Every structure is written in C-alpha cells, then in structure tokens.
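Step one of this worksheet: look at the structure below.
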Amino acid sequence: MNDSRSISNSSLLFSECKAFLTLALPIVGVQLSQAAIGFVDTLMMGRIGLETLAAGGLAALTFSVFLYTTSGILMGVSPIVATAYGAGDRQQIERVVQQGCLLVIGLAIPISFAIANFDILMRQLGQAETTVVLGNTYLDIMVWGFFPALGFALLRSVVSAMSHTRIVMSIAIGGTIINIIGDYVLGFGKFGFPQLGIAGLAVASIFALWVMFLALLSYILTHKELKTYRFFRHIYRFDRQIIISLIRVGVPIGISTALEIGLFTIVTYLMGLLGTEVLAAHQVVLQTVAITFMVPLAMSYAATIRVGQEIGQNNRVGAIRAGYVGVAIGLGFMLLMAAILLLFPDRIIGIFLDLQDPRNVNVVPFATGIMTIAAISQILDGPQKIIMGALYGLQDTRIPAILSFLAFWGIGLTSGYWLGFHTSLGGSGLWLGQSIGIAISAVMFFWRFNYLVGDRG
C-alpha cells in the first residue's frame with residue numbers, strides 16, 4: 001500500500017514538473033531575450049568607457065523601472081482574456097483588448113514625458129554632472145521606444161492568453177539579435193556608420209523595440225484565427241467597467257513590481273553618491289543578476305497559471321504541489337547560478353570591463369565584493385518571486401503589494417542605507433541591506449501562500 005502510494009505521489013510530482021516546465025520554458029525564452037537588450041547595452045557601455053557604463057547603466061535601469069511597472073499593470077489583461085477565450089466569448093475579448101489599447105496610450109503619454117525630463121531628478125539626487133549628461137542623452141532617445149515596448153507588452157499578454165506563445169518567443173529573440181547588431185554598428189561606428197557611442201546604443205534599442213511591436217501586431221492582423229477578431233475597430237470607445245476590472249487586477253501587480261525594482265533603482269542612485277567606480281561595479285553585478293533573474297520571473301508566471309488551474313478545480317493539495325514544484329525547480333536553478341557567480345567572478349566581470357585597463361583596477365574589487373553578496377541573495381530571490389506568482393494564482397494581489405513595501409522599503413532600503421553609509425561596507429552594504437529585504441519578503445510570501453491554501457482546504 002505504501003509503495004503504491006509512493007509511486008502515485010511520484011507520478012503526480014512528475015506530471016506537475018512536466019506541466020510546469022511546458023508553460024515556463026517558452027516564457028523563459030521571452031524574458032531572457034528581452035533582458036538581453038539591457039544586458040547588451042550595458043556590455044557595450046563598458047567597452048566604450050567607465051563613465052558611459054556608470055551613467056548609461058543608471059539611465060537604462062530608470063527606463064526599465066517605468067517599463068516593468070506599467071507592464072505589470074497591463075498584466076491584468078491576460079487573465080481576463082484567458083477566461084473569455086476559454087468561454088468562447090469573442091466580444092468580451094475584443095472589448096478587453098480595445099480598452100487595453102486605451103490604457104497603453106493613457107500610460108505612455110505621461111510616463112514618456114517623465115522619462116524625457118528625468119535629468120532634473122537625477123541632479124536633485126546628487127548625481128555627478130557627467131553621469132547626468134550621458135544618462136540624459138540615453139533617455140532622450142529611449143523615450144521614443146517606450147510606446148512600442150508597452151504596446152508589445154499588451155499584445156504579448158493577449159496572444160499568450162490565447163495560446164499563441166511560440167511566436168512571442170521568436171519575435172523576442174529576433175529583436176534581441178537586431179539590438180546586438182545595432183549596438184555594434186552604431187555604438188562603435190562599424191560598416192561606414194558614424195560612431196554614436198551611448199546615443200547609438202539607444203537608437204539600436206528603440207529600433208529593436210519598434211520591430212518587435214510591429215512584428216507582433218502584423219502577426220495578429222494576418223493570422224488565420226486572430227485576424228477574425230476586431231481588436232482595433234472601436235478602440236476610441238471608453239468602457240468604464242472593463243477599465244476598472246483591468247486596473248483592479250493589474251495595479252497591485254504593477255505596484256509590487258515597482259516596489260521591488262524601485263528598491264534596486266534607489267540603491268543604484270545611492271551607489272552614485274559613493275563614486276563612479278562603485279556605481280560602475282554595481283552596474284556590472286546588477287546586469288548579471290538581472291539576466292539570471294529572468295528565469296525565476298518566467299517561472300513565476302507559470303506558477304500563477306498552474307496554481308490558478310488547481311484552485312479552479314477545488315484541488316487544494318494540487319495547488320500546494322503546483323506552488324512548491326515551481327519553487328523547487330526555481331531554487332535548483334538559482335543554486336546553480338549562485339555557484340557560478342561565486343566560482344567565476346573575475347570572468348564575469350571581464351565580460352563587461354577590460355581587466356587589463358588600469359582605469360578599471362579599482363572597480364574589480366568593488367564588483368567582486370558585491371557579486372559575493374548578490375550570489376547568496378539569488379538563492380532566496382528566485383523562490384520569493386515564484387511563490388509570489390503562486391499568490392497571484394490565488395488572485396491575491398493586494399496583500400503581497402503591502403508585504404513588498406514592508407520588506408523591500410521598510411527593511412531592505414533602511415538597513416542598506418545604514419550599512420552603506422554608516423559602516424565601512426559602502427556599496428557592499430547597500431547590497432546586503434536589499435538582500436535582507438528579499439529574505440524577509442520570501443518568508444512573508446511563503447507564510448501567506450500556506451495560510452491561503454490551507455484556509456481554502
């Protein structure tokens with residue numbers, strides 16, 4: 001009896017792992033491709049110069065904060081479209097997409113204005129004038145890529161909810177390749193093109209963003225099934241009820257995203273107060289972990305779907321299994337990444353900076369110290385993100401936003417500031433503080449998940 005029960009449990013675990021990975025792997029491809037755009041930009045910045053790396057990395061992170069926060073808000077489109085698609089309600093799908101388009105426009109206009117004038121805040125935050133000038137050069141160009149980036153996020157949510165996932169991955173990979181080529185050609189002046197430096201990197205990025213957006217739009221307009229939907233016929237009509245539904249579901253997700261990435265952004269600006277070399281070291285580590293973090297982020301989306309499916313079938317045990325299978329897979333991946341960061345820090349830093357250049361001699365030890373803390377932090381950061389995705393599967397979005405604020409800002413930022421500016425740890429202290437915030441958030445999210453699933457049993 002015990003043997004048969006053990007075999008049954010093993011079979012269920014295997015089935016869950018298969019279902020989870022089937023959902024997660026295509027999303028991982030999309031997330032890695034999109035993250036690679038910022039990664040490649042930062043890589044090229046490091047080859048242009050230390051000041052460009054510090055300023056451009058800061059500007060790129062600022063752009064990402066705005067983009068990921070607003071994209072989080074638009075994530076409210078996905079579950080609503082998925083529900084309507086499963087019910088065969090074509091009219092509801094059309095209405096939701098139409099209102100999603102209005103939401104994109106409503107978000108893009110004011111935020112684009114904020115990005116274009118962000119140099120004012122950079123000066124008020126005490127950044128060096130060189131950092132402000134170079135960073136503003138990058139943002140003044142990147143602002144023209146915000147609308148297509150947001151539009152792509154909306155369309156991606158729509159087609160994914162309608163089971164068209166492979167095309168999104170293909171387009172994202174294509175956009176990354178275009179960006180890499182553009183960075184090389186325009187950033188360094190190859191094949192007869194002028195050497196535009198950081199401006200060239202921004203031009204390449206917005207070109208890639210427009211190509212991705214237009215390619216996905218073209219797919220929707222020409223695909224045999226999707227072209228029968230009138231997504232854009234009455235785009236000018238305002239539907240208050242649907243807009244409220246999109247905001248109710250999406251805004252807490254956007255707030256949670258803003259709180260987490262906002263912590264890293266504030267820490268980055270604080271790094272700038274410690275000097276250009278510390279800021280450059282921070283950028284190297286941040287861009288490295290940003291790539292590895294895309295995997296558990298994608299897994300969190302898969303966890304949302306799997307937990308939601310099990311709860312929809314009133315299967316409490318299945319929901320627990322789905323949540324923790326995702327966490328276990330994510331933990332295994334992040335342990336591997338942590339080991340790589342700890343064993344090969346110089347090789348990773350050498351990807352961004354010329355280790356033989358005397359100008360970088362002081363940056364390497366800063367980056368090595370920060371990377372050690374970041375490696376250990378990754379072990380908890382992945383699981384906390386995946387368990388947050390499991391909470392979204394339970395349609396629990398508001399409480400996680402509050403817990404995120406308490407952990408990331410109440411604990412992480414406060415302790416990081418004290419360790420960074422009131423001890424000898426400097427940049428490593430700032431990273432240690434935000435890592436403490438991540439650890440606290442992981443504990444609270446796991447508690448919240450167990451409480452909700454147990455309460456529904």
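Since we're looking at a predicted model, the values are computed, not measured.
Screening Leu342, Ile340, Leu341 against Phe344 for a side-chain contact (heavy atoms from CB on, under 4.5 Å) leaves a single residue, Ile340. Applying the side-chain contact (heavy atoms from CB on, under 4.5 Å) test between Leu432 and each of Ile370, Thr423, Ile373 identifies Ile373 as the sole match.
Applying the 6.0 Å contact sphere to CZ of Phe421 captures more than 12 heavy atoms from other residues, nucleotides or ligands. Counting non-hydrogen atoms of other residues, nucleotides and ligands closer than 6.0 Å to CH2 of Trp409 gives a total above 12. Other residues, nucleotides and ligands contribute more than 12 heavy atoms inside 6.0 Å of the CZ atom of Phe446. For Phe207, the CZ atom counts as loosely surrounded, since its 6.0 Å shell holds 12 or fewer non-hydrogen atoms of other residues, nucleotides or ligands.
By the 4.5 Å heavy-atom criterion applied to side chains, His223 and Ile167 are not counted as neighbours. Counting only heavy atoms from C-beta outward, the side chains of Ile253 and Ile73 never approach each other to under 4.5 Å. No side-chain heavy atom of Gln434 sits under 4.5 Å from any side-chain heavy atom of Leu430. Side-chain contact between Ile242 and Arg95 is present, with at least one heavy-atom pair separated by less than 4.5 Å. By the 4.5 Å heavy-atom criterion applied to side chains, Leu154 and Cys101 are counted as neighbours. For the pair Ser300 and Leu297, the minimum side-chain heavy-atom distance is below 4.5 Å. The shortest side-chain heavy-atom distance between Val443 and Gln384 does not fall under the 4.5 Å cut-off. Under the 4.5 Å side-chain criterion, counting only non-hydrogen atoms from C-beta, Ser404 is in contact with Phe445.
From Ile329, atom CD1 reaches atom CZ of Phe20 across 5.5 Å, with rounding to the nearest 0.5 Å. Residue Met337 holds its CE atom at 11.5 Å from OG1 of Thr288, rounded to the nearest 0.5 Å. Rounding to the nearest 0.5 Å gives a distance of 13.0 Å between OG of Ser377 and CE of Met371. If you take CD1 on Ile111 and CZ on Phe63, they are separated by 10.5 Å, rounding to the nearest 0.5 Å. Between the CD1 atom of Ile402 and the OG atom of Ser256 there is a distance of 9.5 Å, given to the nearest 0.5 Å. Annotation: the span from His422 atom NE2 to Tyr417 atom OH amounts to 5.0 Å, rounded to 0.5 Å.
In plain terms, the two heavy atoms of Leu150 and Leu67 that are nearest each other are N-CD1, 4.1 Å. Of all heavy-atom pairs between Val327 and Pro383, the closest is CG1-CB, 4.0 Å. Of all the heavy atoms in Gly426 and Leu274, the pair that sits closest is C-CD1, 3.8 Å. In plain terms, the two heavy atoms of Ile115 and Phe146 that are nearest each other are CD1-CD1, 3.8 Å. Of all heavy-atom pairs between Gly433 and Leu419, the closest is N-CD1, 4.1 Å. Heavy-atom minimum distance, Pro296 versus Ile386: O-CG1, 3.5 Å.
In this structure, Thr228 contributes its side chain and Lys224 its backbone to no donor-acceptor pair below 3.5 Å. Between the Ser112 side chain and the Ile109 main chain, no donor and acceptor come within less than 3.5 Å of each other. Using modelled atom types, one side-chain atom of Ser415 and one backbone atom of Gly412 make a donor-acceptor pair closer than 3.5 Å.
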Evaluation steps, side chain to side chain contact (heavy atoms under 4.5 Å, CB included), between Phe366 and His282: CA-CA 8 Å; Phe366 285 139; His282 168 74; over 6 Å; no
Check against side chain to side chain contact (heavy atoms under 4.5 Å, CB included), Met294 and Val28: CA-CA 7 Å; Met294 288 301 105; Val28 167; over 6 Å; no
From CA spacing to verdict: side chain to side chain contact (heavy atoms under 4.5 Å, CB included), Leu209, Trp144: CA-CA 10 Å; Leu209 290 171; Trp144 298 101; over 6 Å; no
Test log, rule side chain to side chain contact (heavy atoms under 4.5 Å, CB included), inputs Thr292 and Gln378: CA-CA 9 Å; Thr292 61; Gln378 289 277 282; 2.5 Å; yes
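Neither side chain, Ser71 nor Arg156, offers a donor N or O lying under 3.5 Å from an acceptor on the other. Donor-acceptor pairing under 3.5 Å is lacking for the side chains of Asp396 and Tyr451.
Checked against the 6.0 Å centroid threshold, Phe213 and Phe147 count as a close aromatic pair.
With sequence neighbours excluded, the residues that form a side-chain contact (heavy atoms from CB on, under 4.5 Å) with Ser205 are Ile37, Asp41, Tyr138, Met142, Asn179.
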